[in-house]
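Reviewing the structure listed below.
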Amino acid sequence: MKILAAILLAVAIAFLLSFLLGFVVIPWLRKLKFGQTILDIGPAWHKSKQGTPTMGGILFIVGTLVSFIVVLVTDHLLGGKLFESGSVVTDGVKVKLVAGVLMAVGFGLIGFADDYIKVVKKRNLGLTILQKSVAQIALM
């Protein structure tokens, strides 16, 4: 599989999967009442956001992971050598690609933890600034 075809396939799968999952996941999150509570200290118009579902970032993480796996499997099944040693994709690019996917998943997990604390633990602020910063720096 050529590099451009692999990139286009990954982008198309990630977009379509994230888009389609939105029709299932967002109503499910609303049903579970996974919406953030809006504090009374803010402006009155902000109250209209009460109950807006959080944890929607899971759509993008799932889309990214699935598209990455589909491209790897498709390339392998088509006899491609995009990710084998000696391929047109250098080892440095492979490391950056895998690191990028792992970082996306890691940042997604931080966001999930933040939203989980807001919704389940009923602590409107989620993770503290220090907790988020330390977790994000540790990922890099």
*Looking only at heavy atoms, which two atoms of D114 and G126 are closest? And how far apart?*
OD1-CA, 3.2 Å
*Distance from L17 atom CG to L65 atom CG, nearest 0.5 Å?*
10.0 Å
*asked:* To the nearest 0.5 Å, what is the distance between CG on D115 and CD1 on I58?
replied: 10.0 Å
*In Å, rounded to the nearest 0.5 Å, how long is the span from CG of L59 to CD1 of I26?*
6.0 Å
*Are L97 and I61 connected, step by step, through hydrophobic side chains (Ile, Leu, Val, Met, Phe, Trp, Tyr) whose heavy atoms are closer than 4.5 Å?*
yes
*Counting only heavy atoms not in F107, do more than 12 sit closer than 6.0 Å to its CZ atom?*
yes
_Let me check something: do I69 and L9 share a hydrophobic cluster, defined by ILVMFWY side-chain heavy atoms less than 4.5 Å apart, either directly or through other members?_
no
*asked:* Counting neighbours of CD1 on I129 that are heavy atoms of other residues, nucleotides or ligands and sit closer than 6.0 Å, is the number greater than 12?
replied: no
*Any donor-acceptor N/O pair, S67 side chain to T64 backbone, under 3.5 Å*: yes
*asked:* Check for me, please, whether L21 and F15 land in the same ILVMFWY cluster - side-chain distances under 4.5 Å, paths through other members count.
replied: no
*L109 side, atom CG; L139 side, atom CG - distance, nearest 0.5 Å*: 8.5 Å
*Identify the heavy atoms of A113 and L127 that sit nearest to each other, and give their distance.*
CB-CD1, 4.3 Å
_Nearest-0.5 Å distance that lies between atom CD1 in I117 and atom CZ in F112_ = 10.5 Å
*Find out if a path of hydrophobic residues (ILVMFWY) with successive side-chain heavy-atom gaps under 4.5 Å connects V70 to L8.*
no
*How are the rings of F19 and F23 set to each other: parallel, tilted or perpendicular (split at 30° and 60°)?*
perpendicular
*Atom CZ of F60: over 12 foreign heavy atoms under 6.0 Å*: no
*Dump the intermediate steps for side-chain contact (heavy atoms from CB on, under 4.5 Å) on V25 and V62, then the final yes or no.*
CA-CA 11 Å; V25 173; V62 169; over 6 Å; no
*Shared ILVMFWY cluster between V11 and L72, side chains joined below 4.5 angstrom?*
yes
